[in-house]
Enquirer: 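Once you've had a glance at the structure underneath, I'll fire off some questions.
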Amino acid sequence: MRDTIVNMVSHNSVKEQIEELRRELNYHNHKYYVENSPEISDFDFDAKMRLLQDLEAAHPEYADPDSPSSRVGSDITSEFHSVKHRYPMLSLSNTYSTEEAGEFIERIEREAEDEVAFVCELKFDGTAISLTYQHGRLLRAVTRGDGVQGDDVTANVRTIRSIPLQLTGEGYPDYFEIRGEILMPYASFDRINAEREAAGEQLFANPRNAAAGTLKQQQSAVVAKRGLDCVLYQIAGDELPYANHWENLQAAKSWGFKISDKMHICHSAKEVFDYIAYWDTARKELPFPTDGVVIKVNDFALRRTLGFTAKSPRWAVAYKFKAEQALTRLESISFQVGRTGAVTPVANLAPVQLAGTTVKRATLHNAEQIAALDLRIGDMVYVEKGGEIIPKITGSEPAERTTESQPFEFITLCPECGTPLVRYEGEAKHYCPNQSGCRPQILGRIIHFIRRKALDIDGLGSETVELLFENGLIRDIADLYDLRAIDLAVLPRLGDKSAENIIRSINRSRSIPFYRVLFGLGIRFVGETTAKHLAGFFRGIDALMVAEREELMQSEEVGEKIADSIIEYFADPINRTIIERLRKQGLQFEAEHRELHSSLLAGKNVVISGKFIDHTRDELKELIELHGGKNQSGVGANTDFIVAGENMGPAKLQKAQKLGIRILSEKEFIEMVADTPTLPIVEEPTNTALAQESTPVKEQVVVQGSLF
Ligand code: IVH
């Protein structure tokens, strides 16, 4: 009896000790990572953490997934499941001119017929994240993805110390979402790149890529070491304490979130411009990257009246800062051969600091650009970092040119395989035509094929592809489907487990939808969006393979250049054989059957013509099909109606009038389909603040619910 009591007492005290340590460590985490004002030394923090870890290891009965010790992550390989956002994650409309920012403010003041409070914030340059909290605990973290659905990266996000796993304070709703930016501070970025350089690994191009790449790491223990940070800037949910953005974010701060302390309420265009001017310079001193200022209407009621366009809210705009410039010496020019054989000159520069990172290389695009900029080895050149990953050269300083410099001569032979380079008509780039014998082209095509956005064969990175190629196991994309786990397991750096993982993800890729397979084929100029358009228009590879130029050009975004490239691709017997082999392996070469939303337009032929304001032509076409209608490219006697945007072709208009065909505006058409009873609207409850913010009028609900 006495023993039992002693045990209970000591167990209670262990439990209390664990809880106390967790409380203390959470408190110091917050002080250090959120408030930037640590109260204890790293040494003391680590000692407390070790004590907690030891106690937890000895007493697994008190395990808690939200314990601060869980922040170190694990080395279990995790897969990311796709999760549909409860509400779409929209983007912001951008502007580079203060004039346009002023027009935005004016428009809103006019619509509000009153003075308006705008919240100005920094535009953080990282990767967007949506966090869901339930009963004060972090439930889920999802990336933006395509805006409709993203990847569940909760395990990785839990390791970011500035994100609370358990909320503090009072008054938080029982269930809410908070969105923000995962950032990689320059200090972490430089440290990681230095480590990667030492290990001979490829460097991250910029902190944004590094943040996004880290978030998709399969082992959360790796993420934990990368030093990510997170700033939250948008909150939504039932029963938010306030009816405006500012006060809700301040409340969120009191619950433990890291909210920017650089936000400011402005009441006039002048105040907004002052904020922009100040941060355009002051941001250079910040420890993390920013690329603009976001101007948001503060009041939720006004946001609701302003509403949304198809892609972005009408109550906010992003002003983007102009790119920063630096002057440095052009030391040499080297050449890279891509998967399509395109040869890209790359400038090697004397290292220079630009927008928080050290720049050593810049892209030069092609021979014409080198000539147009009149660049010579040894010149002092201006480098700029825009939205692109790699900085570009925008000019040179003639006064600094040395007398012995020589005009630059472009190469004539492929630097990889020695084949004479060619130039295609109307193309600025040089190409190596040796598609099936030039190493980077072969590897590039396979690496493109396995990409996430294409066949998403994970476990197979570029290094493994190279390894398989060197060992004679693959020469083209179809060879991937002949691989066996036993062939892989014997290779250096690959064990049984990774071999099996690779084979599993190759097998899984057989069900990847047609448009991604089409994108994965790597047809020159056929990017993700064009592949989507083509798949939607032709519905299968057979129709696409035999399509002629004019027919191809009826698909959205396909002009002569793309059409010719598609024809050229399918004319090559090597490509046709690869497609047949892939087809035999069970890959998808037909577009998926879609569930109809209604039969409102069954049997109706519809023509879309002109430019539209709230929707793309594709979105309208998809709506027509989802309601049972058929898209026609030209107006004819059997056309039932036309949806006309701005600048509808005069010939079409005349013909339509002659035939007495009904012409609907974009708005009328959207109202027509929105009135059908079976149309799916946003699935989740709608009486939340976010729903109030994001579902202001019927036509927009249609788009968000069915088209993204
Ligand atoms: S608000 C409806 N605020 O910019 C859009 N976004 O194009 C709500 N971003 O994907 C976003 N800083 O990743 C907002 N202070 C800020 C931001 C911000 C960066 C990013 C975000 C978003 C993109 C919008």
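Everything numeric here is computed off the predicted structure, so don't read it as measured data. Throughout, numbering of the chain's residues begins at 1 and tracks the sequence. Just so you know, these numbers use all the heavy atoms, side chains as well, and skip hydrogens, waters and symmetry mates. Read the numbers this way: they start at 1 and go in the same order the structure lists the ligands and their atoms.
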Enquirer: Return a yes/no value for Trp315: is any of its N or O atoms, backbone included, closer than 3.5 angstrom to an N or O of ligand 1?
Expert: no
Enquirer: So between Gly180, Ser130, Gly292, Ala128, whose heavy atom ends up nearest atom 10 (O) of ligand 1?
Expert: Ala128
Enquirer: Would you list the pairs meeting salt bridge (Lys or Arg N to Asp or Glu O under 4.0 Å) in which at least one residue belongs to residues 245-257, sequence neighbours left out?
Expert: none
Enquirer: For atom NZ of Lys284, decide whether the heavy atoms of other residues, nucleotides or ligands shown that lie under 6.0 angstrom number more than 12.
Expert: yes
Enquirer: Only one of Glu177, Arg144, Arg86, Gln234 forms a side chain to side chain donor-acceptor pair (under 3.5 Å) with Ser130, so which one is it?
Expert: Glu177
Enquirer: Below 4.0 Å from ligand 1: does a non-hydrogen atom of Val231 turn up there or not?
Expert: no
Enquirer: Counting heavy atoms only, which part of Ser91 comes closer than 4.0 Å to ligand 1: side chain, backbone, both or neither?
Expert: both
Enquirer: Taking heavy atoms and a distance under 4.0 Å, where does Thr127 meet ligand 1: side chain, backbone, both or neither?
Expert: neither
Enquirer: I need the nearest protein heavy-atom contact for atom 23 (C) of ligand 1: residue, atom name and distance, please.
Expert: Lys123 NZ, 4.1 Å
Enquirer: Where on Lys296 is there a heavy atom closer than 4.0 Å to ligand 1, on the side chain, on the backbone, on both, or on neither?
Expert: side chain
Enquirer: Going by side-chain contact (heavy atoms from CB on, under 4.5 Å), Arg158 matches just one of Val223, Asp66, Ile163. Which one?
Expert: Asp66
Enquirer: Give the minimum heavy-atom separation between Leu286 and Lys262, together with the two atoms involved.
Expert: CD2-CE, 3.7 Å
Enquirer: Is Ala318 near ligand 1, meaning one of its heavy atoms is under 4.0 Å from it?
Expert: no
Enquirer: Within the 3.5 Å criterion, strictly below it, is a donor on Ser74 or Gln219 matched to an acceptor on the partner's side chain?
Expert: no
Enquirer: Given that the side chain starts at C-beta and the backbone is N, CA, C, O, which of these parts of Leu92 lies under 4.0 Å from ligand 1, counting heavy atoms, or is it both or neither?
Expert: both
Enquirer: Report yes if Phe124 has an N/O atom closer than 3.5 Å to an N/O atom of ligand 1; otherwise report no.
Expert: yes
Enquirer: Determine, stepwise, if the pair Phe257 / Tyr172 fulfils ring-ring contact (aromatic ring centres under 6.0 Å, His included).
Expert: CA-CA 11 Å; Phe257 291 106; Tyr172 47 80; 8.9 Å; no
Enquirer: Do any N/O atoms on Val294 end up under 3.5 angstrom from N/O atoms on ligand 1?
Expert: no
Enquirer: Among all protein non-hydrogen atoms, which one is nearest to atom 11 (C) of ligand 1, and what is the separation to 0.1 Å?
Expert: Tyr233 CE1, 3.9 Å
Enquirer: Between the side chains of His135 and Asp174, does any donor sit under 3.5 Å from an acceptor?
Expert: yes
Enquirer: Please write down residue, atom name and distance for the protein heavy atom closest to atom 15 (N) of ligand 1.
Expert: Glu121 OE1, 2.8 Å
Enquirer: Identify, for atom 13 (O) of ligand 1, the protein heavy atom at the shortest distance, and state residue, atom and that distance.
Expert: Glu181 OE1, 2.6 Å
Enquirer: Of the side chain and backbone of Gln234, name the one, both, or neither that has a heavy atom under 4.0 Å from an atom of ligand 1.
Expert: side chain
Enquirer: Mind running ring-ring contact (aromatic ring centres under 6.0 Å, His included) on Trp255 and Phe176 for me, showing each step along the way?
Expert: CA-CA 13 Å; Trp255 307 329; Phe176 68 99; 5.6 Å; yes
Enquirer: How far apart are the C-alpha atoms of Glu528 and Lys532, what are their side-chain angles, what is the distance that settles it, and do they pass the salt bridge (charged side-chain N to carboxylate O under 4.0 Å, His left out) test?
Expert: CA-CA 6 Å; Glu528 207 192 344; Lys532 232 180 216 171; 5.1 Å; no
